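Nothing here was measured: the structure is a model prediction, and the numbers come from that model. Atom set for the values below is all heavy atoms of this structure, side chains included, hydrogens, waters and symmetry mates excluded.
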Amino acid sequence: RVEAFDAVDVIRTKRDGGAVPEDALRWMIDAYTRGYVMDAQMSAFAMAVLLNGMQRDEIRVMTDAMIASGERMSFAGLGKPTVDKHSTGGVGDKVSLILAPLVAACGAAVPQLSGRGLGHTGGTLDKLESIPGFRSALTPDETLAVLASAGCVICAAGSGLAPADRRLYALRDVTGTVESIPLIASSIMSKKIAEGTSALVLDVKVGSGAFMTSYERARELAETMVALGEEHGVRTRALLTRMDVPLGRA
Ligand code: IUR
């Protein structure tokens, strides 16, 4: 196979503060998913993005490319509106456990495909798996069956959903590249759009325990994610909430 682009060129473009052309950016994500672009190269690219940022168009292309790296789910057959929520990461957050059944009781279906902890923040799955016997890995058929019978499901996002993000997420965790608006926005929104929810509420954390410590940066992250959702036909709303102390008692 002859590769259309060179990872080092893409890294250099971003390192020098430029915008990566659409076809090169799509290639970079695809080649990373295929294993052609190495973790070391993706780490360098992620750090260049963290330091130099991305234009809105680049963030949209990056998100599209991460969606295209895997499968897209559909809950259209349920005959109910689907609503999900996502938090940008906090400490002691247990909102989903209460919120998902509350929203289900209102008649919507809540497909909460959840993730692991990132940096110092807790992951919904890690918390649930601390309960002996809890099984978070459901097949797509099991996910649908639980959703249809209970109205809500909290389980692991399957490995087929945005696999490019799956790898990049783990890489960011160990390379100091979590706190980047383009990387957070494309990570969260690629999974939520691929998941197929029709509406989404974002809990964007701000404060000393959040990845966005200033109100201005949290607001920019929220606006970026809302725009990505709306562009992909997902009704998206965001709330900025304080994350200066652990939520709850523990
Ligand atoms: N949750 C995600 O799925 N991705 C991220 O980058 C963050 C939280 I921060």
Q: With side chain to side chain contact (heavy atoms under 4.5 Å, CB included) as the test, would you mind laying out the steps for Leu128 and Ile131 before giving the verdict?
A: CA-CA 6 Å; Leu128 286 173; Ile131 301 168; 4.2 Å; yes

Q. How far apart are the C-alpha atoms of Leu113 and Ile154, what are their side-chain angles, what is the distance that settles it, and do they pass the side chain to side chain contact (heavy atoms under 4.5 Å, CB included) test?
A. CA-CA 6 Å; Leu113 306 191; Ile154 304 182; over 6 Å; no

**Q.** Criterion side chain to side chain contact (heavy atoms under 4.5 Å, CB included) on Ser159 and Arg166, from CA distance to verdict
**A.** CA-CA 8 Å; Ser159 56; Arg166 179 170 288 261; 4.3 Å; yes

Q: Before giving the answer on salt bridge (charged side-chain N to carboxylate O under 4.0 Å, His left out), spell out for Glu195 and Arg72 the whole-Å C-alpha distance, their side-chain angles and the decisive distance to 0.1 Å.
A: CA-CA 6 Å; Glu195 164 194 289; Arg72 289 182 79 154; over 6 Å; no

Q) Under the side chain to side chain contact (heavy atoms under 4.5 Å, CB included) criterion, do Val206 and Thr213 qualify, and how do the steps go? A) CA-CA 5 Å; Val206 55; Thr213 49; over 6 Å; no

(Q) For Arg56 and Glu231: C-alpha separation, side-chain torsions, deciding distance, then whether salt bridge (charged side-chain N to carboxylate O under 4.0 Å, His left out) applies. (A) CA-CA 12 Å; Arg56 275 281 168 94; Glu231 277 162 21; over 6 Å; no

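Hydrophobic clustering (ILVMFWY, side-chain heavy atoms < 4.5 Å, transitive): Tyr169 and Met28 are in one cluster. At a threshold of 4.5 Å between side-chain heavy atoms, the hydrophobic network of Ile, Leu, Val, Met, Phe, Trp and Tyr places Phe45 and Phe5 in one connected group. Hydrophobic clustering (side-chain heavy atoms under 4.5 Å, transitive across Ile, Leu, Val, Met, Phe, Trp, Tyr) groups Ile181 together with Leu171. Leu247 and Leu99 are members of different hydrophobic clusters when ILVMFWY side chains are connected at heavy-atom separations under 4.5 Å. Follow the hydrophobic side-chain contacts under 4.5 Å out from Ile193 and you never reach Met73; the two are in separate clusters.
Here ring-ring contact (aromatic ring centres under 6.0 Å, His included) pairs that include residues 109-146, with residues two or more places apart or in two chains, are His120-Phe211. Applying the ring-ring contact (aromatic ring centres under 6.0 Å, His included) test to every pair with at least one member in residues 6-26, sequence neighbours left out, gives no pairs at all. Applying the salt bridge (Lys or Arg N to Asp or Glu O under 4.0 Å) test to residues at least two apart or on different chains, the pairs with a partner in residues 109-132 are Arg116-Asp126, Arg116-Glu129. The salt bridge (Lys or Arg N to Asp or Glu O under 4.0 Å) contacts involving residues 137-156 comprise Arg135-Glu142, where partners must be two or more places apart or lie in separate chains.
Residue Val174 shares its hydrophobic cluster (ILVMFWY side chains chained together at separations under 4.5 Å) with no other residue. If you chain together ILVMFWY residues whose side-chain heavy atoms come under 4.5 Å of each other, Val8 ends up in a group of its own.
Pairing each heavy atom of Ala222 with each of Leu240, the nearest pair is CB-CD2, 4.0 Å. Counting all heavy atoms, side chain and backbone alike, Ala100 lies closest to Val110 at O-CG2, 3.6 Å. Scanning all heavy atoms of the two residues, the minimum distance from Cys155 to Thr143 falls at SG-OG1, 3.8 Å. Nearest approach of Ile11 to Gln41, heavy atoms of both residues: CD1-O, 3.5 Å. Residues Ala24 and Val20 share a closest heavy-atom pair of CB-CG1, 3.9 Å. Closest non-hydrogen pair, Leu50 versus Val178, comes out as CD1-N, 4.4 Å.
Side-chain N or O atoms of Asn52 include one that pairs as donor or acceptor with a backbone N or O of Arg15 at under 3.5 Å. Side chain of Thr121 to backbone of Gly117: no donor-acceptor contact under 3.5 angstrom is found. The backbone N or O of Glu58 lies less than 3.5 Å from no partner atom in the side chain of Glu22, so there is not a single donor-acceptor pair.
Each of Leu200, Thr236, Val204 was checked for a side-chain contact (heavy atoms from CB on, under 4.5 Å) with Met225, and the lone residue meeting it is Val204. With respect to Met189, the side-chain contact (heavy atoms from CB on, under 4.5 Å) criterion is satisfied by exactly one of Leu202, Asp64, Ile59: Leu202.
Proximity of Glu3 to Arg1: side-chain heavy atoms (C-beta onward) are separated by under 4.5 Å at one or more points. The closest side-chain heavy-atom distance from Arg26 to Met62 is not below 4.5 Å. For the pair Ser96/Lys85, a side-chain contact is recorded, criterion being any heavy-atom separation below 4.5 Å from C-beta on. Within the 4.5 Å cutoff, no side-chain heavy atoms of Asp203 are placed close to those of His86. Contact check for Met42 versus Arg172: no side-chain heavy atoms found under the 4.5 Å cut-off.
A salt bridge does not link Asp16 to Arg12: none of the charged nitrogens lies less than 4.0 Å from a carboxylate oxygen. Using a cut-off of 4.0 Å between Lys/Arg side-chain N and Asp/Glu carboxylate O, Glu223 and Arg219 are scored as salt-bridged.
Inspection of the Ser190 and Asp165 side chains reveals no N or O donor paired with an N or O acceptor under 3.5 Å. Lys192 and Thr197 share no donor-acceptor pair across their side chains, judged by distance under 3.5 Å alone. Between the side chains of Thr82 and Ser198, a donor-acceptor pair is found at a separation under 3.5 Å. Residues Ser87 and Lys205 have side chains that never bring a donor and an acceptor to within less than 3.5 angstrom of each other.
Within the model, atoms CG of Leu168 and OG of Ser187 stand 7.0 Å from one another, a figure rounded to the nearest 0.5 Å. Here Thr63 contributes atom OG1 and Lys191 contributes atom NZ; the two are 11.5 Å apart, rounded to the nearest 0.5 Å. Separation of atoms CE (Met66) and CZ (Arg167) is listed at 12.5 Å; rounding is to 0.5 Å. Atom OG of Ser208 and atom CG of Asp244 lie 4.0 Å apart (nearest 0.5 Å). We find the CE-CG distance between Met47 and Leu51 to be 6.0 Å, quoted to the nearest 0.5 Å. How far CD1 of Ile188 is from CG of Leu183: 11.0 Å, rounded to the nearest 0.5 Å.
Counting heavy atoms of neighbouring residues, nucleotides and ligands inside a 6.0 Å radius, atom CZ of Arg34 exceeds 12 of them.
In this structure, Tyr36 and Trp27 have perpendicular ring planes: the angle between them is above 60°, well past the 30° mark.
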